[in-house]
Amino acid sequence: MVKLSPENIAGFGRQPLLACHNLHESELFTDAALIDLLDNFPRQYLYALTMGSDPGRSDENRLALSDGVSGADLLRAVKRGRLWLNVTRVDRADRRYRLLIDQLYSELTTQVPGFMPDSSQGTLLISSPHVLVYYHADGPASVLWHIRGRKRVWVYPALDERYMDRNLLEDIFAGVRHEYLPYENVYDEAAVVYDLAPGQWIAWPQNAPHRITNLDSVNVSLSTEHFTRQSRWRARVYVANRFFRTRLGLRGLSTREEGLAALMKTAAYRLARKAGLDNLQTKQHIPLMRVDPDSPGGVVALEYVDSAKARN
Ligand SMILES: [Fe+2]
């Protein structure tokens, strides 16, 4: 199902790469399967987002509520409107996706020497033609399995201060800010750009910033995240560095994931956290819209919904 070339095997996790799969032939991603999944999916884990069209304006991202909207209407809103559905932890909600993700990772681990994730998870992405995902970096390492439609993905150099301030990555690891990052067009000169078709997947080094624009079609992709000993250490080191930066003003601490310094720093942070010295406030999206398949854009403002209810 997943076949890697010798170059892909050497580059997995180290550089951006493109390869093939056959998930687009699976029955799990047809309209009927998606409607069934959405009808049964716990909606508190489904994030419907709408957005503007300028990749530099991540402030135009809006979360829309979807409770009470049927799976068929959600899909209709995606097809007609300007929506991005994040069906998070789809592997927890439906065992068939869990098995599929296990299968994908088992094929990766048998081909990539030394790749030993201890866990993985998946988010199904269902999105309208022409919508975008703003420039951002994710904490965990991830793989994007593209299944339906066409999309363009820009991948930027990982852990390079010219494209992402390390303080922002510390905040992302700590969960105190959204993943969106300040973006400038000139960054594109350093990007690797992929136009993805069904049956292709891409991966990039952990924390590499990226952004996406759908081309002229409805898109379905599966985003998987995996956790390894090394990726967990990176998260620990960045969260500890953030603590010492914000509490003690220590800047430019080492980001090395191995060695005694990393061990001592993360152990000290763990004690401080236990002592209640770092009560992190997790950043949450505030819903401002509601999904409405009959509205242009597929959403209406919540204040409009409230005032319409008050009139009736
Ligand atoms: Fe991402």
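Start at 1 and go down the list; that is how both ligands and their atoms are numbered. We count residues from 1, following the sequence as given.
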Determine whether Arg177 and Asp171 satisfy the following criterion, salt bridge (charged side-chain N to carboxylate O under 4.0 Å, His left out), listing intermediate values before the conclusion. CA-CA 6 Å; Arg177 70 169 281 130; Asp171 291 346; 5.1 Å; no
Can you say whether the rings of His210 and Trp204 are parallel (under 30°), tilted (30 to 60°) or perpendicular (over 60°)? tilted
Cation-pi, Tyr156 ring and Arg211 (6.0 angstrom, 45 degrees): no
So, Ser231 side chain and Phe227 main chain: donor-acceptor pair closer than 3.5 Å or not? no
Using 30° and 60° as the class limits, which term best fits the ring planes of His21 and Trp145: parallel, tilted or perpendicular? perpendicular
Are there any protein N/O/S atoms under 2.8 Å from the Fe ion (ligand 1), and if so, which? His136 NE2, Asp138 OD2, His210 NE2
Would you find a donor on one side and an acceptor on the other, under 3.5 Å apart, between the side chain of Arg290 and the backbone of Asp67? yes
